[in-house]
2 protein chains.
Amino acid sequence: MHGGDIYSNEHPSGRNLIDFSSNSNPYGPPKGVKANLAMALEHANKYPDIQYRLLKKEIQKHNNLKKKNIVLGNGAGEILDLAIRRVESLLILNPAYSEYEESTNRYDIELFHSKYKHCNVASGPSFCQIYDVNVEDNRKLYQLEVDEEEFWSKFDIADAVVLAHPNNPDGSTFPVDKMQEIINFTKENKKKLIIDETFFDYTHGQMSFTSFLEEDIDLIVIKAITKFYGLPGIRFGYGLCSNESIAEEIAKYQRPWNINAFAENFAIVCFADKDYSKSMNSINKEEREWMTDELIKIKEIKRVYISQGNYILLMLQKIKAEELKRQLIGKGILIRNCDNYKNLGEYHMRVAVKKREDNIKLLTEMKNILG
Amino acid sequence: MHGGDIYSNEHPSGRNLIDFSSNSNPYGPPKGVKANLAMALEHANKYPDIQYRLLKKEIQKHNNLKKKNIVLGNGAGEILDLAIRRVESLLILNPAYSEYEESTNRYDIELFHSKYKHCNVASGPSFCQIYDVNVEDNRKLYQLEVDEEEFWSKFDIADAVVLAHPNNPDGSTFPVDKMQEIINFTKENKKKLIIDETFFDYTHGQMSFTSFLEEDIDLIVIKAITKFYGLPGIRFGYGLCSNESIAEEIAKYQRPWNINAFAENFAIVCFADKDYSKSMNSINKEEREWMTDELIKIKEIKRVYISQGNYILLMLQKIKAEELKRQLIGKGILIRNCDNYKNLGEYHMRVAVKKREDNIKLLTEMKNILG
């Protein structure tokens, strides 16, 4: 169900595979993290601050928050799970990260589904301004967009909605006017809003839903630092809540000291390194756009979805994604087959945006196989 | 509610306090942990194995298990919480670790209480053979023992019981005949048994409840490596289940990748270091017994409880624990006031067994204050 399973027996080369199935930053963490290793180990000899005062203060500063309704998770998934736990019914837009549905199943929460529309950029989608459409064959450029009619009618009956901004596996974001409409509807109809911004750091010129935290609505914005800062293994994410009682409801089901000393230390180091953040963001943008252009050139790729993340969704033409995945493993490359996402099919696959040399390897092998 | 809160504003010296309130190993982790730091950081750049295959294999080996129904927790507390979650009603023996009751409150589980008896060793308690009673005034030596009559009558109506072996805050353990009786009763009456062995590594000549994992009963034994190996900040514990369906019920409420890469790596390093384990165990035993003898010599201490852990429960005579704590903070020492434990009173306190030099400081300051 997840990417990154490079340890499974079906992949004999294991950790040596170039892993395009998981979205971790290939450049590794900020230098300060390594420099801070010994201190983190020293702190690990004591219990962490049970209230994580310093870490919460840094999160508040990093996000320019007035309110301080912060909840900390052993991975963003913990906050996501507890945010979903407190709703009665949930609307999910598909395709979506599989854990949204997993959580509803854990707590017997009623589930509603709505679908993104697959829009061709050449026919004029509303978000295409975020990508400089100057490629060889822009008819292949696609973007997922909210199917408004279906979305509003389903949101009307659901207690809550979870939206990813940008979405995984495609990387689409919500334009400001759409965000405002969602906020208004949430307020007027006393709905609950869960926003998954775990990949938001990769976006450019986008507005974060944190802008609405001061509003009188039931909103949780979920952030992760571990993806963008190349540290998925440290497990750290957090939730920003629009009011104190949401934070209390989340915290009720958390155990003391849920954040490991290494996560606690490294998060603070990561927040401090503004240069790293700026440079990773622009490197990724450049590489993502270059890769998008290159993928379009491969004849047997039918669609390339415009992304604001560090991953790109593709649709193949003749070879099924599972078959391409099988053949690429033989070449030491792991991709993500997307046929288990709702509203995607057997020909959909996702690749991470990695370093140029690895991306070239992927493109070369894909060309060899697809012809 | 917990020890180790050295970050609170009420303790101006913060991290500089000698912390006798938390039970972390003062000698720090095995050397291999430091040597493994760089590799752990490298692994943190990838998602951990979603199934933690290698770690589970090492746990199986470390505990000589035939069955492999292992569940991993971000701290032993995660497993404890999920183990309690699956019962309908729970019996707790008091005094007990506060999280047992916290978990029952989270899930609206019916709670039954039973009390340990405070037995004077001089009057011949059943466990006194585990301590060489050769001290100046053995009338002060106490041990907590199960109040059999109350225990069996309450266990008869509860769905499950949680037992700590050794118990926290006093360090008492269950003798083999009592363990066998509990197992028999559990089996005959289809009860559930949760055994907290997070401090078991410190005991000597004691039998672990893991010996009963092959029986046809509903048993979870919870272990932690982070306390004994001086790494409470890495948050890692695990549960050994007597059958697969228990493990599945626990795992159902866990999120993927709940174990951080540093915890994953260091646990394996710790398991491998048998010398560290042996030497920490014997250093702690020697120091605990020395400290017990020294504490008995302080006139204003009324009771010293025999412990199998790395902490000692005391009962004062004239000064309340809260007042002694306040005065000791002024001397740079933090102790654990135990008045919020059921079945203990305002005069009960707990101290960790630390290094000789720190223990001497504690004893000196206590003598100065208590006279």
Side-chain angles (χ1 to χ4, degrees), chain A residues 1-9 15 19 22 24-26 28-29 33-34 37-38 40-54 73-75 77-78 80-81 99 102-103 105-107 226 230-236 252-253 255-264 266, chain B residues 1-9 15 19 22 24-26 28-29 33-34 37-38 40-54 73-75 77-78 80-81 99 102-103 106-107 226 230-236 252-253 255-266:
Chain A
M1 287 295 274
H2 294 278
D5 188 12
I6 51 175
Y7 310 90
S8 162
N9 291 330
R15 287 186 195 255
D19 185 11
S22 109
S24 171
N25 185 331
V33 167
K34 198 166 185 177
L37 265 177
L41 178 60
E42 207 176 298
H43 287 175
N45 187 218
K46 297 193 178 76
Y47 279 88
D49 175 7
I50 201 164
Q51 291 185 47
Y52 295 97
R53 280 163 269 229
L54 178 59
N74 180 41
E78 181 179 336
L80 178 68
D81 187 76
E99 285 293 314
E102 295 278 327
S103 289
N105 292 340
R106 266 182 213 119
Y107 306 113
T226 48
L231 286 166
I234 72 163
R235 318 305 304 130
F236 178 65
K252 188 192 163 193
Y253 291 101
R255 282 164 298 270
W257 303 295
N258 63 331
I259 308 303
N260 167 311
F262 287 89
E264 184 190 19
F266 296 162
Chain B
M1 289 294 275
H2 293 278
D5 188 13
I6 51 174
Y7 311 91
S8 161
N9 291 330
R15 286 187 196 254
D19 185 11
S22 109
S24 170
N25 184 333
V33 166
K34 199 165 184 177
L37 265 177
L41 178 59
E42 207 175 297
H43 288 175
N45 188 218
K46 298 195 178 74
Y47 279 89
D49 174 7
I50 201 164
Q51 291 184 47
Y52 296 96
R53 279 162 270 229
L54 178 59
N74 179 42
E78 181 178 337
L80 179 68
D81 188 76
E99 285 294 313
E102 295 279 326
S103 289
R106 267 183 211 116
Y107 306 113
T226 48
L231 286 167
I234 72 163
R235 319 303 305 130
F236 178 66
K252 187 192 165 194
Y253 291 101
R255 283 164 296 271
W257 304 295
N258 63 331
I259 308 302
N260 166 309
F262 286 89
E264 184 190 20
N265 274 268
F266 296 163

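For the numbers below, each heavy atom of this structure counts, side chains included, while hydrogens, waters and symmetry mates do not. Order of the sequence lines fixes the chain letters, A, B, ..., with proteins taken first and strands second; residue numbering starts at 1 for each chain.
- Using a 4.5 Å heavy-atom cutoff, the side chains of A:Tyr253 and B:Tyr253 are not in contact.
- Your options are A:Ala261, A:Gly77, A:Ala44, and the one with the most heavy-atom pairs under 4.5 Å with chain B is A:Ala44.
- At a threshold of 4.5 Å between non-hydrogen side-chain atoms, the residues B:Pro256 and A:Glu99 count as touching.
- What you find for A:Pro48 and B:Gly233 is that their closest heavy atoms are CD-CA, 4.1 Å.
- Checked by atom type and distance alone, the side chain of B:Ser24 pairs as donor or acceptor with a backbone atom of A:Asn45 at under 3.5 Å.
- Across B:Lys34, B:Glu42, B:Lys252, the residue that shares the most heavy-atom pairs under 4.5 angstrom with chain A is B:Lys252.
- Note: A:Arg235 CZ to B:Glu264 CD = 11.0 Å, rounded to the nearest 0.5 Å.
- Of all non-hydrogen atoms in A:Asn258 and B:Asn74, the two that sit nearest each other are O-ND2, 2.8 Å.
- Contacts of B:Phe266 with chain A are made by side-chain atoms alone, with heavy-atom separations under 4.5 Å and no backbone atom involved.
- Interface remark: of the candidates A:Tyr107, A:Phe262, A:Phe236, A:Phe262 forms the most heavy-atom pairs closer than 4.5 Å to chain B.
- With respect to chain B, the highest number of heavy-atom pairs below 4.5 Å among A:Leu231, A:Leu80, A:Thr226, A:Ile259 belongs to A:Leu231.
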